[in-house]
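Notes follow the structure.
For clarity, every value in this text was computed on a predicted model and none was experimentally measured. Residue numbers start from 1 in every chain, and the chains themselves are labelled A, B, ... in the order their sequence lines are given, proteins ahead of strands. The figures that follow rest on heavy atoms only: side chains count, while hydrogens, waters and symmetry mates do not.
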Amino acid sequence: MPSSRVRARRGRIARRRKRTIPNHNDSRTTYNEHFYFVLRLSRIFMRAGPMDLDDRTLRRLKLSDLRLFHAVVQWGGMAKAAAHLHISQPAVSKAIATLEQTLGVRLLERHSQGVEPTQFGRALLKGGIAVFDELKQSVKEIAFLADPTAGELRVGCTEPLAAGLVPTVIDRILREHPRVVFHVVTADPATLMERELRARNIDVAIAPTAEIISAADVDVETLFDDRQVVMAVPQNKWFRRRNITLADLVHEPWILPPADSVIRASIIEVFRTSGLAPPRNHVVTFSITLCYQLMASGRFLAMLPLSMARSHGGLPLKILDVGLRGIPRPTGIITLKKRTPNPLARVFTSSVRELAKPLARGR
DNA sequence: TTGCTGAGAAAGGCACCTTC
DNA sequence: GAAGGTGCCTTTCTCAGCAA
């Protein structure tokens, strides 16, 4: 039986503990991180359904548990997650059980072949991705403030923009921020938005905006019409001709995008509007590298975005004046709303805006 | 203010159990 | 047999209290 002095002391300690954040055995979990984490989770669970999540319950949630829960879902089982995290299976099982007890809901469906997240588990996962992304962005912000010449930026763009505008922007930024690392992903606009931006694999996307379905979670800033114009290299026989029309070029070797693409349909429409049959498909490809290689021979023509001719990369492409304004293709910056921006993303987008100004004239 | 101490909480491992 | 769950244990960490 403890003495009255000891009991009184223990009582005082217990009362103090109730007023403070519990010990998480994780020195990396700072008060601010915990506050933000709890705030996000409370919003997530408010959306998930009516639940009794009081302040103490939310304070028990830990970033380490969320990371562990992520691993379990990612690997499809507690034992597999434990192996990847270098801890024992019971440790994972207990952590998940504690998490479920704290939240008062079942997060995982247990099967003989592993586990699967429930609707509550999926809600937690979705929020978890956002929580870790926000933390990552904060760390990047701190790193950028500590050393503005370094950092990391993930950019998504289409193939033509990767061959024109984007390298010019990157080159410009690297002159001022020489130790910045760029990760560039190329894909079609819809994939960039769904697979890369929403999954937070990229910080910013530069792409044609007309093909982006407007959504509440996405910011679209159209900067210029990247007109599709007829292009050739200076060695091409048509380059020095004057007063040429589309009809003169229709029987030349053309490089065209695949038949099921939006841009191919627009090109065909241009020929039809001029009363012409579409050119024969000599080469059908989305590959800009292949396009460059073929055009370098001086034989092939292609309808490419104006930004490719205006930027300082790749082949010295020249516009053939066939008396058309070109197919307008609104292009701009796409970012995720309510996401703390990577400080380098701000540098990147302002550089894009500046370089897009000459292309935006007449828009 | 600093360093030490002790209590309590949390994390995680081992052995074993249960379920499919 | 494979997977998760449970009980018991040890280790580690945090923090209040206290003395110098």
Side-chain angles (χ1 to χ4, degrees), chain A residues 1-46 48-49 51-136 138-139 141-143 146:
Chain A
M1 182 76 179
S3 69
S4 59
R5 186 172 171 271
V6 170
R7 272 188 275 119
R9 180 170 174 254
R10 284 182 185 174
R12 282 198 305 278
I13 291 168
R15 281 192 293 279
R16 274 193 206 104
R17 278 189 192 285
K18 281 185 180 177
R19 291 198 300 267
T20 58
I21 289 176
N23 159 26
H24 295 145
N25 268 4
D26 185 351
S27 57
R28 288 166 298 183
T29 307
T30 65
Y31 183 86
N32 284 339
E33 283 176 3
H34 194 92
F35 174 79
Y36 194 77
F37 171 56
V38 164
L39 192 73
R40 291 297 301 245
L41 281 179
S42 59
R43 287 178 189 156
I44 291 156
F45 278 92
M46 293 301 174
M51 295 182 63
D52 181 25
L53 284 179
D54 58 33
D55 192 45
R56 272 195 76 195
T57 306
L58 286 168
R59 273 191 247 173
R60 281 195 202 133
L61 296 171
K62 286 161 275 179
L63 280 174
S64 55
D65 284 348
L66 195 59
R67 194 175 288 125
L68 195 143
F69 177 65
H70 251 266
V72 170
V73 175
Q74 185 186 350
W75 299 107
M78 298 195 193
K80 291 187 193 102
H84 281 95
L85 296 170
H86 306 291
I87 57 173
S88 66
Q89 176 269 322
V92 175
S93 175
K94 282 176 206 170
I96 297 293
T98 308
L99 195 57
E100 288 180 329
Q101 203 181 345
T102 303
L103 295 169
V105 292
R106 197 83 164 156
L107 296 170
L108 296 170
E109 290 289 357
R110 278 82 164 166
H111 306 294
S112 56
Q113 293 304 309
V115 297
E116 227 183 338
T118 61
Q119 59 162 327
F120 298 110
R122 282 193 291 274
L124 184 65
L125 267 182
K126 195 178 162 195
I129 291 168
V131 167
F132 284 120
D133 178 63
E134 293 289 345
L135 276 176
K136 221 186 288 172
S138 302
V139 171
E141 175 104 41
I142 291 165

Rounding to an integer number of Å, can you tell me how far A/Arg106 CZ sits from C/dG4 P?
12 Å
Using the salt bridge (charged side-chain N to carboxylate O under 4.0 Å, His left out) rule, collect all pairs that involve residues 96-105 of chain A, keeping only residues at least two apart or in two chains.
A/Glu100-A/Arg106, A/Glu100-A/Arg110
With sequence neighbours left out, write down each residue that passes side-chain hydrogen bond (donor to acceptor under 3.5 Å, both in side chains) with A/Glu116, or none if nothing qualifies.
A/His111
side-chain hydrogen bond (donor to acceptor under 3.5 Å, both in side chains) partners for A/Gln89, two or more places apart
none
By a strict heavy-atom criterion of less than 4.0 Å, which residues belonging to residues 73-89 of chain A are in contact with DNA chain C?
A/Gly77, A/Met78, A/Ala79, A/Gln89
Side-chain atoms of residues 74-84 of chain A: list all donor-acceptor pairs with protein atoms under 3.5 Å, sequence neighbours left out, distances to 0.1 Å.
from: A/His84; atom 1: ND1; to: A/Lys80; atom 2: O; distance (Å): 2.9

Roughly how many Å is it from CD in A/Glu109 to P in C/dG5, rounded to a whole number?
12 Å
I'd like a list of close polar pairs between nucleotides 7-10 of chain C and the protein, N/O only, cut-off under 3.5 Å.
from: C/dG7; atom 1: O6; to: A/Lys94; atom 2: NZ; distance (Å): 3.0
from: C/dC8; atom 1: N4; to: A/Lys94; atom 2: NZ; distance (Å): 3.0

Is there side-chain contact between A/Leu68 and A/Ile87, with at least one heavy-atom pair below 4.5 Å?
yes
Rounded to the nearest 0.5 Å, the CG atom of A/Leu99 sits from the CG atom of A/Leu124 at a distance of 6.0 Å
Tell me every residue that passes side-chain contact (heavy atoms from CB on, under 4.5 Å) with A/Ser88, counting only those two or more places apart in sequence or in another chain.
A/Pro90, A/Ala91
For atom CG of A/Leu68 and atom P of B/dA10, their distance in whole Å
16 Å
If I take atom CZ in residue A/Arg110 and atom P in nucleotide C/dG5, what distance separates them, rounded to the nearest angstrom?
4 Å
Does A/Ser93 have a side-chain nitrogen or oxygen under 4.0 Å from the phosphate oxygens OP1 or OP2 of C/dG5?
yes
For A/Ile96 and B/dA10, what is the distance between atoms CD1 and C1' respectively, to the nearest whole Å?
16 Å
Residues in side-chain contact (heavy atoms from CB on, under 4.5 Å) contact with A/Ile142, at least two apart in sequence or another chain
none
